[in-house]
Peer 1: 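Questions regarding the structure given below will be posed in turn.
Computed from a predicted structure; not experimentally measured.
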Amino acid sequence: MAQRKVITTQVAIMGAGPAGLMLAHLLAKAGIESIVVELRSHQEISETVRAGILEHGSVNLLVDSGVSDRVLREGDRHDGIELRFNGESHRIDFQDLVGESVWLYPQTDVFLDLSARRKADGGDVRYAVKEATIHDIEDAPKVWFTDEEGVDYELQADFIAGADGSRSHCRAQIPEARRKRYFHEYPFAWFGILAEAPRSSAELIYANSANGFALISQRTETVQRMYFQCDPSEDANNWDEERIWDAFRSRVNGNGFEVKEGPVIEKTVLKFRSFVQAPMRHGKLFLAGDAAHTVPPTGAKGLNLALNDVKVLFDGFDSFYSTGSTALLDAYSDHALGRVWKAQQFSYWMTSMLHTAADADDFSRARQLGELRSVVSSRHGRAYLAEAYTGWTGER
Ligand code: DHB
């Protein structure tokens, strides 16, 4: 093989999802160089449908760091959600309970804003590379990759940020003896659709029913995003529109509420699990976002956690390059994991409280309704949910 072309930077970033691009943006603003390497094409990332809720802290990061204020103009502020069970909806009023809101703004738009900002600022982002691998992470980190034209590179860097998503190559390079993996599997998945229909409700509805969970979310005036709990082995092709709408009707309709139906333009089965790899750092490799942890989707914490990792990691790099101190980089993993485990707890709790296991006995079902009633009938219960959903304000 011909020799690799050697290029250098300060921070090599694996992955051009929101975590990788946000890190590159923050570094650039602080005068720190980075090169982002991504296996997928820009188009492929733009076409992936992901979750849609941003905590206020994530919105502030996008706006205050100068990525874009499009979220404020085109996103929708939500001051609460509805928990629905036993055919009745109960509002969790975020503003009243914790004085915060969240924004409905799909992850795809966050990616488009970040990639446009990197482009406008002359950032070096290599999409659609082949065979990107990392090497020598303990002392002289490098990334080997082949670009779209077939040129082989060796990218040498001071550090590598592994923001390469839930099937991370980076996390697998941390020696087994030096890391621990935590898993929790769930006996259900989500069936996600996009449908051409008006909004069914002003706010998101998280519905528990004997037939399983459903989430009525939104996208625009004319297209809506909704999910219902299904078996992980389900094949989306076996579900025609009538069967899909039947699943929603049997979980959310009743007492004057009816989901608004329309043509289904996208359908996918989304498998999920809880996963953490700790520590989030080995040598000169730092993991961020889904590369280090995934949460079940209930409550939409994934992207928010990734952006929080990046904020903490950026502070570490900024401090190192301006003072030479590694103290914040050394504290990165513990600092980030504090919030990661809170979000793991919240996502696990929301998932187990709202979904119905196929083999649930009468006791489990009645206990679950007792739990839901406990939450909605107590201001403290509602406030706990509101605080976690909007993003743990007290920590700012
Ligand atoms: C969406 C996804 C979620 O997991 C959630 O909790 C709320 C909204 C969404 O895609 O709109």
Peer 1: Where does the angle between the aromatic ring planes of F272 and F188 fall among parallel (under 30°), tilted (30 to 60°) and perpendicular (over 60°)?
Peer 2: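 Judged by the thresholds at 30° and 60°, the geometry between F272 and F188 is tilted.
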Peer 1: Kindly write out the residues that satisfy ring-ring contact (aromatic ring centres under 6.0 Å, His included) with H42, not counting sequence neighbours, or none if the list is empty.
Peer 2: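 H42: ring-ring contact (aromatic ring centres under 6.0 Å, His included) contacts with F111, Y127.
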Peer 1: Between Q218 (side chain only) and S201 (backbone N and O only), is there a donor and an acceptor less than 3.5 Å apart?
Peer 2: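 Yes, because the side chain of Q218 sits within donor-acceptor range (under 3.5 Å) of the backbone of S201.
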Peer 1: How about F275 and Y182: are their ring centres within less than 6.0 Å of each other?
Peer 2: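 No, the ring of F275 stays outside the 6.0 Å limit from the ring of Y182, centre to centre.
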Peer 1: Taking the six-membered ring of W392 as reference, does the NZ or CZ atom of K301 fall below 6.0 Å from its centre and within a 45° cone about the axis?
Peer 2: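 Judged by the rule (NZ or CZ under 6.0 Å from the ring centre, within 45° of its axis), K301 counts as positioned above W392.
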Peer 1: Is the backbone N or O of L303 less than 3.5 Å from a side-chain atom of R50, with the two atoms forming a donor-acceptor pair by type?
Peer 2: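 No.
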Peer 1: For Y227 together with F213, are the ring centres under 6.0 Å from each other?
Peer 2: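 No - the distance between ring centres of F213 and Y227 does not fall below the 6.0 Å cut-off.
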Peer 1: Please determine whether salt bridge (charged side-chain N to carboxylate O under 4.0 Å, His left out) holds for the pair R249 and E261, giving the CA-CA distance in whole Å, both sets of side-chain angles, and the decisive distance to 0.1 Å.
Peer 2: CA-CA 10 Å; R249 287 177 208 132; E261 303 174 13; 2.7 Å; yes
Peer 1: State whether F363 and R367 meet the cation-pi test: NZ (Lys) or CZ (Arg) under 6.0 Å from the six-membered ring centroid, and within 45° of the perpendicular axis.
Peer 2: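 Judged by the rule (NZ or CZ under 6.0 Å from the ring centre, within 45° of its axis), R367 is not positioned above F363.
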Peer 1: Begin with the C-alpha distance, continue with both residues' side-chain angles, and end with the deciding distance and a verdict on side-chain hydrogen bond (donor to acceptor under 3.5 Å, both in side chains) for T294 and D290.
Peer 2: CA-CA 5 Å; T294 54; D290 281 3; over 6 Å; no
Peer 1: Is a donor on one side and an acceptor on the other found under 3.5 Å between the side chain of N238 and the backbone of E234?
Peer 2: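 Checking the backbone N and O of E234 against the side chain of N238, no donor-acceptor pair under 3.5 Å is found.
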Peer 1: Check for a donor-acceptor pair, side chain of D121 on one end and backbone N or O of G123 on the other, with a separation under 3.5 Å.
Peer 2: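 Flag not set: sc D121 to bb G123 has no pair under 3.5 Å.
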Peer 1: With respect to I134, which candidate in M14, K284, K142 satisfies the side-chain contact (heavy atoms from CB on, under 4.5 Å) definition?
Peer 2: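 The passing option is M14.
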Peer 1: Would a distance-only check, ignoring hydrogens and angles, find a side-chain to backbone donor-acceptor pair under 3.5 Å from T133 to F145?
Peer 2: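 Here the side-chain-to-backbone pair does not exist.
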Peer 1: Taking it one step at a time, do D240 and R243 satisfy salt bridge (charged side-chain N to carboxylate O under 4.0 Å, His left out)?
Peer 2: CA-CA 5 Å; D240 61 16; R243 194 171 168 210; over 6 Å; no
Peer 1: Going through the checks in order, is the salt bridge (charged side-chain N to carboxylate O under 4.0 Å, His left out) test met by E38 and R40?
Peer 2: CA-CA 6 Å; E38 167 64 55; R40 293 165 299 168; 2.9 Å; yes
Peer 1: Would a distance-only check, ignoring hydrogens and angles, find a side-chain to backbone donor-acceptor pair under 3.5 Å from E196 to G262?
Peer 2: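 A pair under 3.5 Å: no.
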Peer 1: Find out whether Y186 and Q229 are in side-chain contact, i.e. whether some heavy atom of one side chain is under 4.5 Å from a heavy atom of the other.
Peer 2: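 Result no, sub-4.5 Å side-chain heavy-atom pair not found.
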Peer 1: Taking the side chain as every heavy atom from C-beta outward, state whether E88 and R84 have any atom pair closer than 4.5 Å.
Peer 2: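 Result no, sub-4.5 Å side-chain heavy-atom pair not found.
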Peer 1: Would you say T9's side chain and A12's backbone share a donor-acceptor pair under 3.5 angstrom?
Peer 2: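 Here the side-chain-to-backbone pair does not exist.
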Peer 1: Between M353 and L372, is there a side-chain heavy-atom distance shorter than 4.5 Å?
Peer 2: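 Yes - at least one pair of side-chain heavy atoms lies under 4.5 Å apart.
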Peer 1: side-chain hydrogen bond (donor to acceptor under 3.5 Å, both in side chains) for H335 and D315? Distances and angles first, verdict last.
Peer 2: CA-CA 11 Å; H335 185 160; D315 286 343; over 6 Å; no
Peer 1: Identify whether L204 and V49 are in the same connected component of the hydrophobic contact network (ILVMFWY, side-chain heavy atoms under 4.5 Å).
Peer 2: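 Different clusters.
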Peer 1: Heavy-atom distance under 4.5 Å between the side chains of H282 and R179, does that happen here?
Peer 2: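 No, too far: nothing below the 4.5 Å cut-off.
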Peer 1: Does the gap between the ring centers of W103 and H78 come in under 6.0 Å?
Peer 2: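 Here the rings of H78 and W103 have centres that are no less than 6.0 Å from each other.
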Peer 1: Taking ILVMFWY side chains as joined if any heavy atoms are under 4.5 angstrom apart, and letting links pass through other members, which residues group with M226?
Peer 2: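 Once heavy-atom contacts under 4.5 Å are chained together, M226 belongs with F191, I193, I205, I216, F228, W239, I244, W245, F248, V252, F257, V259, V264, V269.
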Peer 1: Any sub-3.5 Å donor-acceptor pair from T323's side-chain atoms to F320's backbone N or O?
Peer 2: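 Such a contact is absent between T323 side chain and F320 backbone.
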Peer 1: Applying side-chain hydrogen bond (donor to acceptor under 3.5 Å, both in side chains), name anything that partners R126, two or more places apart in sequence or on another chain.
Peer 2: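 With neighbours one apart ignored, the set is D124.
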Peer 1: Could you walk me through whether Y348 and H184 pass the ring-ring contact (aromatic ring centres under 6.0 Å, His included) test, one step at a time?
Peer 2: CA-CA 9 Å; Y348 172 95; H184 183 78; 5.2 Å; yes
Peer 1: Tell me if a side-chain donor or acceptor on N255 pairs with a main-chain N or O of G87 at a distance below 3.5 Å.
Peer 2: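 Judged by distance alone, yes, a pair lies under 3.5 Å.
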Peer 1: More than 12 heavy atoms of other residues, nucleotides or ligands under 6.0 Å from CD of E185: is that the case?
Peer 2: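 Yes, CD of E185 has more than 12 neighbouring heavy atoms, counting only those of other groups under 6.0 Å.
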Peer 1: Under 3.5 Å, side chain of R117 to main-chain N/O of G66, donor-acceptor pair present?
Peer 2: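 Checking the backbone N and O of G66 against the side chain of R117, a donor-acceptor pair under 3.5 Å is found.
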Peer 1: If you take the centroid of each ring, where Trp contributes its six-membered ring, are W341 and F346 closer together than 6.0 Å?
Peer 2: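 No, the ring of F346 stays outside the 6.0 Å limit from the ring of W341, centre to centre.
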